[in-house]
Protein chains: 2
Amino acid sequence: MASERNGESGRVTDLTTTAPKPGLAQPGAPHRQSTQKILEAAEQVFAEHGYGGATMAAIARAAGLPKPNLHYYFGSKDALYAALLENILSLWLDDADLWLIAERDPATALSGYIRAKLAWARERPEASRIFAGELLTGARHIDAYLRGDLRARVARIDTVFATWRAQGRMRPVDTRHLLFCLWSMTQSYADFSAQMVRVLETDALEDADFAAAEATISALVLRGVVIDGG
Amino acid sequence: MASERNGESGRVTDLTTTAPKPGLAQPGAPHRQSTQKILEAAEQVFAEHGYGGATMAAIARAAGLPKPNLHYYFGSKDALYAALLENILSLWLDDADLWLIAERDPATALSGYIRAKLAWARERPEASRIFAGELLTGARHIDAYLRGDLRARVARIDTVFATWRAQGRMRPVDTRHLLFCLWSMTQSYADFSAQMVRVLETDALEDADFAAAEATISALVLRGVVIDGG
DNA sequence: GTCTATATGAAGATAGAC
DNA sequence: GTCTATCTTCATATAGAC
């Protein structure tokens with residue numbers, strides 16, 4: 001699990017695993033360019049309308065391509081959605097492995113993780129919303145990921161927190177529920193921004209809003225679980 | 001106005017005026033019973049599949065009624081969804097007014113609010129998921145509620161927190177972002193339970209899970225914002 | 001590989017009998 | 001008020017020309 005999280009140009013990742021049909025020999029540059037455009041369009045449309053509300057026609061329009069091309073490259077709406085989810089999951093993988101490690105100071109680690117999660121919420125809100133929508137409706141498409149990869153990562157983080165607790169640097173908070181809280185607070189700045197902008201009477205979340213978010217979440221988490229001078 | 005749904009202004013309609021068609025004099029007991037069954041079925045189906053993925057046929061099946069009855073009582077899928085959202089919003093209204101009042105001790109108030117929100121997450125998870133799905137996809141149906149009622153309630157809570165801060169009983173945390181954190185943490189136990197049960201290797205969230213949730217969230221919030229001995 | 005045209009089925013909504 | 005049968009629209013998916 002290479003911590004391949006380059007913070008600055010953390011743009012759209014590679015979309016490699018998209019061989020559309022058996023028999024396609026070399027997916028050339030135009031191939032990758034089209035699949036890329038389709039995936040970006042699909043991210044917008046699925047995020048805005050949900051899986052059921054999204055239509056292949058809308059995705060095709062957003063991608064600037066004819067509708068059949070989507071089926072040519074991805075086979076079906078469900079397969080396109082699955083490919084998109086696969087892409088999105090790769091974004092979720094590495095922040096914890098980068099920040100939540102036993103060698104770090106707990107306060108540094110937790111605040112860095114919070115900052116990284118908020119950065120994703122800001123840079124890729126549609127990705128976060130698609131993931132959230134998938135969870136809302138039962139997570140059928142990502143069951144294997146949740147039971148496998150995610151659970152393993154949570155188990156690793158549990159050993160890190162256990163180390164800190166044994167060193168007297170962290171209060172005895174349940175690892176899993178603390179992670180649930182961290183995830184929900186940070187991702188809500190993507191998932192529920194529609195509510196936030198209306199409460200805050202603004203058009204979109206800005207620098208100041210994310211700064212306040214980071215300050216608030218960090219205050220809760222650091223004061224809540226980190227033991228000073230440990 | 002109430003008689004003919006013109007399909008345009010009929011966004012969030014008043015559910016309690018259950019006069020589906022002009023000429024209905026007294027909505028009797030069977031009327032209310034049918035609308036109730038439909039709303040309960042709709043809550044299940046909309047929560048499980050999202051607005052776009054839900055079908056009137058599935059709702060009718062879940063309600064044990066023929067499809068046309070749904071249109072007879074609610075006019076359209078969108079109107080049924082709006083009526084359901086209206087119902088759900090009424091659940092969201094009162095916990096804050098009950099618990100977050102200046103006369104209370106901040107620790108008591110906040111932990112009581114957290115407990116109440118978690119109780120809703122447990123008792124009405126589908127309602128929470130429908131609300132979350134509405135926010136995820138832009139909150140078009142509840143724009144007026146968010147800009148009006150909700151914003152007013154947030155403003156009231158802000159005065160409560162300001163009082164506590166002035167009394168030296170609460171740290172200077174941003175009211176709105178603290179509320180965002182409280183909402184996201186508590187509601188995630190309904191909205192994202194599909195993820196939680198897989199991480200926790202269980203079939204459904206139980207007493208112990210909600211107890212751990214409450215302990216974790218309260219620990220973060222109380223230590224984060226309440227000043228002891230204030 | 002790419003797109004026009006279209007098949008096929010499903011979904012929202014209604015007509016009209018009872 | 002209630003339900004059977006059906007209309008219309010639109011979505012996914014494909015056939016087949018280029």
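Within every chain, numbering begins at 1; the chains are lettered A, B, ... in the order of the sequence lines, protein sequences first and strands thereafter. All values below were derived from every heavy atom in this structure, side-chain atoms included, with hydrogens, water molecules and symmetry-related copies excluded.
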Quick one: [X] [atom1] to [N] [atom2], roughly how many Å, whole number?
{"X": "L70(A)", "N": "dG1(C)", "atom1": "CG", "atom2": "P", "result": "16 Å"}
{"X": "Y81(B)", "N": "dA11(C)", "atom1": "OH", "atom2": "C1'", "result": "18 Å"}
{"X": "K37(A)", "N": "dC3(C)", "atom1": "NZ", "atom2": "P", "result": "9 Å"}
{"X": "L80(B)", "N": "dA13(C)", "atom1": "CG", "atom2": "C1'", "result": "14 Å"}
{"X": "I59(B)", "N": "dA11(C)", "atom1": "CD1", "atom2": "P", "result": "12 Å"}
{"X": "F46(B)", "N": "dA11(C)", "atom1": "CZ", "atom2": "P", "result": "13 Å"}
{"X": "L65(A)", "N": "dC3(C)", "atom1": "CG", "atom2": "C1'", "result": "10 Å"}
{"X": "H49(A)", "N": "dC10(D)", "atom1": "NE2", "atom2": "C1'", "result": "15 Å"}

With respect to the side chain of [X], which nucleotide from [options] is positioned closest?
{"X": "S76(B)", "options": "dT2(D), dA13(C), dC3(D)", "answer": "dA13(C)"}
{"X": "P68(B)", "options": "dT12(D), dA11(C), dT14(C)", "answer": "dT14(C)"}
{"X": "K67(A)", "options": "dG12(C), dT6(C), dG1(D)", "answer": "dT6(C)"}
{"X": "K77(A)", "options": "dT12(D), dT14(D), dT4(D)", "answer": "dT12(D)"}

Are any side-chain N or O atoms of K117(B) and backbone N or O atoms of G112(B), one a donor and one an acceptor, separated by less than 3.5 Å?
->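 Flag not set: sc K117(B) to bb G112(B) has no pair under 3.5 Å.
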
Note: D209(B)-R176(A) ion pair, threshold 4.0 Å (strictly below) |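 Between R176(A) and D209(B) there is no salt bridge, as every charged N stays at least 4.0 Å from the carboxylate O atoms.
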
Is the shortest side-chain N to carboxylate O distance from E43(B) to R124(B) below 4.0 Å?
->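 Looking at E43(B) and R124(B), the cut-off is met.
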
Should [X] be listed as having a side-chain N or O under 4.0 Å from OP1 or OP2 of [N]?
{"X": "N69(B)", "N": "dC3(D)", "result": "yes"}
{"X": "Y72(A)", "N": "dT14(D)", "result": "no"}
{"X": "H71(A)", "N": "dT14(D)", "result": "no"}

Ring pair (Phe, Tyr, Trp, His ring centres under 6.0 Å) pairs, two or more places apart, involving residues 186-213 of chain B |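 Sorted result for residues 186-213 of chain B: H177(A)-Y189(B).
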
Closest approach of A121(B) and T186(B), non-hydrogen atoms and distance?
->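 The pair with the smallest heavy-atom distance is CB-O, 3.7 Å.
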
With sugar-phosphate meaning primed atoms plus P, OP1 and OP2, does A54(A) contact a base, only sugar-phosphate, or nothing at under 4.0 Å between heavy atoms?
->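 The answer is sugar-phosphate, as A54(A) gets under 4.0 Å only of primed atoms, P, OP1 or OP2.
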
